[in-house]
Colleague: 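Here it is, the structure, as structure tokens.
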Amino acid sequence: MCGIIGRVGEGNALETLITGLENLEYRGYDSAGVAVKNGTGINVEKRSGKVSELKRSITDEPLQGAIGIGHTRWSTHGPPTDENAHPHTDHTEDVAVVHNGIIENYTELKSELAESGHEFSSDTDTEVIPHLIQHHLDCGLDNESAFRRAVDELEGSYAVAAMIADERVLYAARRGSPLVVGMEDDEYFLASDVPAFLEYTDTVVYLEDGDVAIVDETGVEFTDLEGNPVERHPETIEWDPEQAGKGEYEHFMLKEIHEQPTALAQAIEGRIEPELGRIDLTDFEPGTFDDVDCVQFVACGTSYHAALYGSVLLNQAGVRSRALLANEYSISAPPVDENTLVVAVTQSGETADTLSALREASDAGAQTVTVTNVVGSTAAREADETLLIRAGPEIGVAATKTFSSQAVMLVLLGQRIAQDVRGETGADPEALLSDLETMPDRVEEVLATTTAEELAATYEGSRAYFFIGRGLGFPVALEGALKFKEITYEHAEGFASGELKHGPLALVTPDTPVFAVFTGEEDEKTLKNAAEAQTRGAPVIAICPPDHQAALVADAHLEIPDVDSDLAGLLANVQLQLLAYYAADRLDRAIDKPRNLAKSVTVE
Ligand code: M6R
């Protein structure tokens with residue numbers, strides 16, 4: 001949930017650390033700090049607030065040194081104060097540590113250390129780590145052994161990077177939280193995620209759980225916690241550094257909304273042959289899912305909405321399927337066995353709730369697949385198979401292009417599963433795949449002609465915003481509401497259209513616009529539900545093709561091209577993304593880093 005950066009090489013580390021933190025700020029942005037080793041010791045500068053505030057505070061007195069660590073925080077233990085910001089040091093200030101995750105036994109460790117004279121200055125769980133390292137140094141262990149011993153005593157999840165004043169070495173370890181090493185000639189990096197150092201190198205090694213990395217300017221050594229060497233192979237990241245920048249756009253979110261045509265083209269490239277009605281998912285040859293008798297999707301947030309989309313499609317194709325909130329999975333999951341396929345849908349591949357559901361399903365004997373955007377992510381490594389959505393880096397905390405790419409990949413995966421399980425897909429594959437091939441152009445059309453900005457102005461200041469849809473329109477309505485609330489901070493809710501009359505209608509007034517998504521599935525019923533809201537005075541905004549009946553009766557409409565009903569919702573979703581974006585922009589919200597949120601939620 002936080003961002004870690006570390007750098008060792010020639011010259012000054014500070015600039016690289018700050019750039020790394022700026023690139024990682026989507027992971028947390030309530031405090032930030034850096035520690036740099038100079039000739040005599042370790043200098044730390046840390047602040048509550050964003051990286052920009054940290055940057056301002058260090059311009060007068062730059063921290064000099066070739067090796068350093070940095071951190072941008074999303075608070076778990078202790079409020080976002082200067083004291084609680086990372087890096088944390090021990091009382092001698094000879095050990096500095098940054099950490100992502102939760103140390104579950106920190107209270108016990110803290111009281112043991114306090115009894116032996118260690119004084120603490122923050123409320124964080126992290127602060128026990130530098131003290132523990134120092135304690136083992138005091139007991140006579142060398143730096144490397146002291147680090148290992150300390151890490152071995154931690155319970156919970158962590159990605160940790162540490163620096164000790166008397167040597168030019170970074171120590172790192174991971175269990176349950178992501179950590180990646182970047183390598184470039186005589187410069188090495190450590191980070192929670194690749195965008196941190198993508199402009200310097202595209203050669204990376206993802207640490208596995210239980211790995212320790214010892215990094216200096218001559219290279220990296222990977223071992224297990226006992227110190228036995230482990231072999232880890234470098235991978236090349238195909239993301240272009242420019243993709244990770246904002247370019248001409250004011251916000252990452254707007255840029256990423258506009259990248260959807262490219263993202264979708266990348267997602268389907270080489271994976272479909274529309275003229276033959278054929279899907280070529282290389283890891284999922286025909287017959288892969290012959291023995292599957294039901295599918296469970298597990299995911300959170302926007303990815304859950306994509307999962308719901310996939311599940312509706314599979315059910316419509318006659319395959320038993322459920323989309324389950326990963327954070328509820330351990331309590332309410334239907335039983336699984338070796339004929340159950342559990343599909344984890346996660347952009348980052350690091351969401352703790354989703355990982356925990358995936359592990360539980362895997363332990364119970366289910367077959368597992370991860371649908372993700374991040375090569376080498378934990379979910380990708382832990383599932384039996386991975387399907388990459390190839391959306392490119394997504395920096396805005398609000399997921400946009402990854403939702404579209406996930407949903408499209410679930411259309412394809414769903415077709416493959418249905419073909420294997422039932423011998424047919426229940427759809428006309430040639431028509432569907434032809435429409436799919438045109439999706440990048442269709443999205444382009446929506447982006448070029450949208451009137452979402454005007455509508456955002458028209459309905460600004462409303463008391464609440466409701467989104468309704470049926471079938472595949474339902475997950476789109478939920479996603480429209482999530483996006484809207486997430487970045488505008490306004491009250492927004494999504495409902496199944498037919499559910500409106502069972503309670504939510506009591507909330508409907510002339511001051512609550514209702515955005516109705518029409519996907520071509522029982523649209524006449526959705527139209528009736530929208531009319532019920534309209535009768536109570538609510539303005540109804542139809543998201544539908546131009547000549548659709550709903551466009552004639554609604555108070556306003558957002559136009560989408562007429563496509564297969566399996567795909568129409570995805571175009572409607574682009575309109576709702578734009579609506580949320582422009583509404584939030586009018587309110588001058590922190591669109592890319594909405595309050596209290598972080599891109600990747602690595603705590604349960
Ligand atoms: O990385 P994941 O796809 O697993 O993330 C899941 C959710 O945390 C994420 O989709 C979240 O809901 C987004 N901020 C929504 O825009």
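Counting starts at 1 for both ligands and their atoms, in listed order.
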Colleague: What do you reckon, does Thr346 have a nitrogen or oxygen under 3.5 Å from a nitrogen or oxygen of ligand 1?
Modeller: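 So ligand 1 has an N or O lying under 3.5 Å from an N or O of Thr346.
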Colleague: Let me know which of Val342, Leu341, Thr340 forms a side chain to side chain contact (heavy atoms under 4.5 Å, CB included) with Cys294.
Modeller: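 Per the side chain to side chain contact (heavy atoms under 4.5 Å, CB included) rule, the option paired with Cys294 is Thr340, out of Val342, Leu341, Thr340.
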Colleague: Tell me the protein heavy atom at minimum distance from atom 8 (O) of ligand 1, and give that distance in Å.
Modeller: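 Minimum-distance protein heavy atom for atom 8 (O) of ligand 1 reads Val601 CG2, 4.0 Å.
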Colleague: If we check side chain to side chain donor-acceptor pair (under 3.5 Å) with Asn84, which of these qualifies: Asp123, Thr124, Asp30?
Modeller: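 Of all the options given, the one that passes is Asp123.
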Colleague: Check the pair Lys599, Glu394 against salt bridge (Lys or Arg N to Asp or Glu O under 4.0 Å), reporting the backbone distance first and the verdict last.
Modeller: CA-CA 9 Å; Lys599 180 83 182 154; Glu394 186 179 73; 2.6 Å; yes
Colleague: Among protein heavy atoms, which lies nearest atom 9 (C) of ligand 1, and at what distance?
Modeller: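 Protein heavy atom with the smallest distance to atom 9 (C) of ligand 1: Thr302 N, 4.1 Å.
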Colleague: From the options His251, Arg595, Met253, Gln577, select the one residue that forms a side chain to side chain contact (heavy atoms under 4.5 Å, CB included) with Ile487.
Modeller: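 For Ile487, the side chain to side chain contact (heavy atoms under 4.5 Å, CB included) test succeeds with only one of His251, Arg595, Met253, Gln577, which is Met253.
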Colleague: For atom 1 (O) of ligand 1, what is the closest protein heavy atom, and at what distance to 0.1 Å?
Modeller: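 That would be Ser348 OG, 2.6 Å.
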Colleague: Counting non-hydrogen protein atoms only, what is the nearest one to atom 2 (P) of ligand 1? Give residue, atom name and distance.
Modeller: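 Atom 2 (P) of ligand 1 sits closest to the protein heavy atom Thr351 OG1, 3.2 Å.
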Colleague: Checking Arg381 now: which residues fulfil salt bridge (Lys or Arg N to Asp or Glu O under 4.0 Å) with it, not counting sequence neighbours?
Modeller: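 Checked Arg381 against salt bridge (Lys or Arg N to Asp or Glu O under 4.0 Å); matches are Glu208.
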Colleague: Contact between ligand 1 and Lys483 is defined here as a heavy atom of the residue under 4.0 Å from a ligand atom; is it met?
Modeller: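 So Lys483 counts as touching ligand 1.
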Colleague: Just distances here: any N/O of Ala399 and N/O of ligand 1 closer than 3.5 Å?
Modeller: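 Such a contact does occur with ligand 1.
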Colleague: Please walk me through it: do Glu53 and Lys50 pass salt bridge (Lys or Arg N to Asp or Glu O under 4.0 Å)?
Modeller: CA-CA 5 Å; Glu53 283 164 53; Lys50 297 198 167 141; over 6 Å; no
Colleague: At a 4.0 Å threshold, what atoms of ligand 1 neighbour a non-hydrogen atom of Glu486?
Modeller: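 Counting from 1, the qualifying ligand atoms are 13 (C), 14 (N), 15 (C), 16 (O).
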Colleague: Give the numbers and elements of all ligand 1 atoms closer than 4.0 Å to a heavy atom of Ala398.
Modeller: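 Here the atoms of ligand 1 in question are 16 (O).
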Colleague: Please find out if less than 6.0 Å separates the ring center of Tyr459 from that of Tyr465.
Modeller: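 Not under 6.0 Å, so no.
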Colleague: Heavy atom of Cys300 under 4.0 Å from ligand 1?
Modeller: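 The answer is yes, since Cys300 has a heavy atom less than 4.0 Å from ligand 1.
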Colleague: Mark up the atoms of ligand 1 that fall under 4.0 Å of a heavy atom belonging to Ser303, in ascending order.
Modeller: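 So the answer, numbered in order with elements, is 2 (P), 3 (O), 10 (O).
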Colleague: I'd like to know if the side chain of Ser303 pairs up with that of Gln347 as donor and acceptor (distance under 3.5 Å, no hydrogens or angles considered).
Modeller: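 Per modelled atom types, Ser303 and Gln347 side chains form no pair under 3.5 Å.
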